[in-house]
Amino acid sequence: ILFISKGSSASLKKIAVRTRGKAVLLVSESEGLAAKGSCINFVMVNDLLQIEINRNNIMSRRLSIADELLNVGIIVP
């Protein structure tokens, strides 16, 4: 698991490329990052913490995700 803080979010693309194909779960906390390479992204929606999940990024990293987590998250293409 590699957590990418809000302050390091500008480096996400570089990190995603360097870890491509490896079983590294990229977790971030800035709006829109699930669509830009993160696997799981925490965002605030209407004052509630939500989880964006990019299933394609997870699968491309040879990882899996529980259906229970998919059911509570926002799926991002």
Side-chain angles (χ1 to χ4, degrees):
I1 299 173
L2 181 59
F3 180 73
I4 302 158
S5 67
K6 199 175 271 192
S8 298
S9 62
S11 301
L12 174 64
K13 285 189 179 186
K14 182 192 288 187
I15 293 167
V17 168
R18 292 187 75 186
T19 60
R20 184 178 292 146
K22 297 183 173 114
V24 176
L25 181 68
L26 299 179
V27 179
S28 56
E29 62 174 349
S30 295
E31 190 169 332
L33 292 187
K36 295 180 180 176
S38 181
C39 300
I40 295 175
N41 186 45
F42 292 98
V43 292
M44 294 298 292
V45 177
N46 298 325
D47 294 325
L48 295 172
L49 183 63
Q50 297 287 318
I51 302 170
E52 293 181 333
I53 301 168
N54 189 316
R55 195 173 188 176
N56 292 334
N57 288 346
I58 292 170
M59 301 305 236
S60 72
R61 294 172 170 280
R62 300 177 305 203
L63 300 169
S64 60
I65 187 166
D67 288 336
E68 292 84 2
L69 191 55
L70 289 171
N71 289 336
V72 298
I74 300 166
I75 308 302
V76 175

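In this text the structure is predicted, and so the values were computed from the model without any measurement.
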Quick check on the hydrophobic clustering: are Ile74 and Met59 connected, directly or via other members, by side-chain heavy-atom contacts under 4.5 Å?
no
Pair up each side-chain donor or acceptor in residues 38-46 with any protein partner under 3.5 Å, not counting sequence neighbours, and list the distances.
unit_1, atom_1, unit_2, atom_2, d
Ser38, OG, Leu26, O, 3.1
Ser38, OG, Ser28, OG, 2.8
Ser38, OG, Ile40, O, 2.9
Asn41, OD1, Ser28, OG, 2.6
Asn41, OD1, Glu29, N, 3.2
Asn41, OD1, Ser30, N, 3.1
Asn41, ND2, Ser30, O, 2.8
Asn41, ND2, Glu52, OE1, 2.9

Any side-chain hydrogen bond (donor to acceptor under 3.5 Å, both in side chains) pairs touching residues 54-73, not counting sequence neighbours?
Thr19-Arg61
I need the Leu25 CG to Leu63 CG distance, nearest 0.5 Å.
6.0 Å
With the 4.5 Å side-chain cut-off for hydrophobic clustering, are Ile65 and Leu49 part of the same group?
yes
Give the cluster check for Ile58 versus Ile51: same hydrophobic cluster or not, with ILVMFWY residues linked at side-chain heavy-atom distances below 4.5 Å.
yes
Shared hydrophobic cluster for Phe3 and Ile53 (ILVMFWY, side-chain gaps under 4.5 Å):
yes
Distance check, rounded to the nearest 0.5 Å: Ile15 atom CD1 versus Leu2 atom CG?
5.5 Å
Over 12 non-hydrogen atoms of neighbours within 6.0 angstrom of CG in Leu48
yes
